[in-house]
Amino acid sequence: MLDRDHFERLDLDDPLAAVTARFHLPDGVVYLDGNSLGPLPAHVSRALARVVDEEWGEGLIRSWNRGWWELAGEVGDVIGGMIGAPAGTVIAGDTTTAALFKTTMAALRLRPSRPVILTDSGNFPTDLYVLEAAAGLSGASLEVVGPHEVEGRIGDDVAVVALTHVDYRTGRRHDLAAISEAAHRAGSLVVWDLSHSAGAMEIDIACADMAVGCGYKYLNGGPGAPAFTYVSRDLLPEFTNPISGWWGHREPFAMRTDFEPAPGIERTQVGTPPVISLAALRSALEVFEGVPTRLLREKSERLVGDFVRLVDERLDGFQLVTPRRPEERGSHVALSHPRAREIMAALISEGVIGDVRPPHLLRFGLAPAFQRHVDVWDAVEAIRRVMDNDLWRSAVAPSGPVT
Ligand SMILES: *Cc1c(COP(=O)(O)O)cnc(C)c1O
């Protein structure tokens, strides 16, 4: 039998304890939504104040030549180091949605005679919308199959396989290496969305052609943080940005009237990067300095495994939607319950913050960088309290567009 002491001991032995201690979390809150909006590393407030007061306030436009110019690439390289990408192949900026549009369009252009974009039905809605739009613009068609049918469907009519590594709802994880290899065997290109995996596990993206991902989830860059884009070294010279803007130009400030793309990953840029948001992301990423992603994954597996075990042992009436095999899942757990919305509202009143996804999934993110092992115990005990005392019956679901 597990008890709270067991989890307290795990926290004392946690090799990532020093990383965890760097985060600010409000008192009395068990935060299980780092997969949706990562919390604030405490030092970021001061770092941002310095960027605003000194770099913007005092440096003014001179600051472009004192670090702003290189910022997007520097942040990209830090993220690249976390996803197995060589230096100079990742850049930060834009949103995940925009990044996916640019990479998919560029990939389609490299396989013009193939009619199919392949994705799976569990993909994030914005990804599906963008892929549909890319299909419409290019004359290809989007084919959506079940997550387990993707590998078998890859064939020589497929131009691009575009998938999200870890499913935002269920937590199911694709085998990134196997699918990338299958795509390459068929001559297809593969674009991965790493939004729900970068910052929580080891990733070897060098086996893929392109990738995008989110800066505000496990990377903790703050609300609306810049996304990132990876393009393999081999494809970079052939990458055509569908939005040719001045920041993708070889010499943005030469103000030439003809477009010539930058030789490197800068060619994926469009317009002026969001410097203050990039500065927040860069500062937030410092918590990962010197931390092998293997340690993140090991801790994540333990958190997720223990959460599942406690759900099995201590709760009734919830159905586990997340796969049971560790190699098939990411870093959050999804439970299905017909009263998901009311239960989550009651949990939030109890100080346990997760979220719900339609129709009735409760999601609990277990982010290895800041999570404490006792969070797992405390969250499951809070669910027990809510159920045993029928607290969900009187709970009021939060109003507003975000749940
Ligand atoms: C969070 C997330 C996004 C978010 O896209 P934005 O354009 O940054 O709002 C996109 N795709 C996936 C798979 C996500 O998990």
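Order of listing sets the numbers, starting from 1, for every ligand and every atom in it. Computation of the quantities below employed the complete heavy-atom set of this structure, encompassing side-chain atoms and omitting hydrogens, waters and symmetry-equivalent molecules.
The proximity of Asp127 to ligand 1, defined as any non-hydrogen pair under 4.0 Å, is limited to the side chain. Contacts of Thr96 with ligand 1, taken as heavy-atom pairs under 4.0 Å, involve both backbone and side chain. By the criterion of a heavy-atom distance under 4.0 Å, both the backbone and the side chain of Thr97 are placed next to ligand 1.
No donor-acceptor pair closer than 3.5 Å links the side chain of Arg363 to the backbone N or O of Gly354. The closest donor-acceptor contact from the side chain of Thr170 to the backbone of Val321 lies at 3.5 Å or more, if one exists at all. Checking side-chain atoms of Gln371 against main-chain N and O of Tyr31 turns up a donor-acceptor pair under 3.5 Å.
Some N or O of Asp193 is nearer than 3.5 Å to an N or O of ligand 1, by distance alone.
In terms of protein heavy-atom proximity, atom 4 (C) of ligand 1 is closest to Tyr216 OH, 3.3 Å. Ranking the protein heavy atoms by distance from atom 14 (C) of ligand 1 puts Lys217 NZ, 2.7 Å first.
Numbered from 1 in the order shown, with element, the atoms of ligand 1 that lie under 4.0 Å from a heavy atom of Ser195 read 2 (C), 11 (N), 12 (C), 13 (C), 14 (C), 15 (O). Of all atoms in ligand 1, listed by their number and element, those nearer than 4.0 Å to a heavy atom of Thr164 are 13 (C). Atoms of ligand 1 lying under 4.0 Å from at least one heavy atom of His196, given by number and element, are 15 (O).
Seen from the ring of Phe228, Lys217 does not count as a face-on cation partner, given the 6.0 Å and 45° thresholds.
For Trp192 and Tyr230, the gap between ring centers reaches or exceeds 6.0 Å.
A salt bridge does not link Asp378 with Arg372: none of the charged nitrogens is closer than 4.0 Å to a carboxylate oxygen.
Side chains of Ser232 and Asp209: a donor-acceptor N/O pair is absent below 3.5 angstrom, by distance only.
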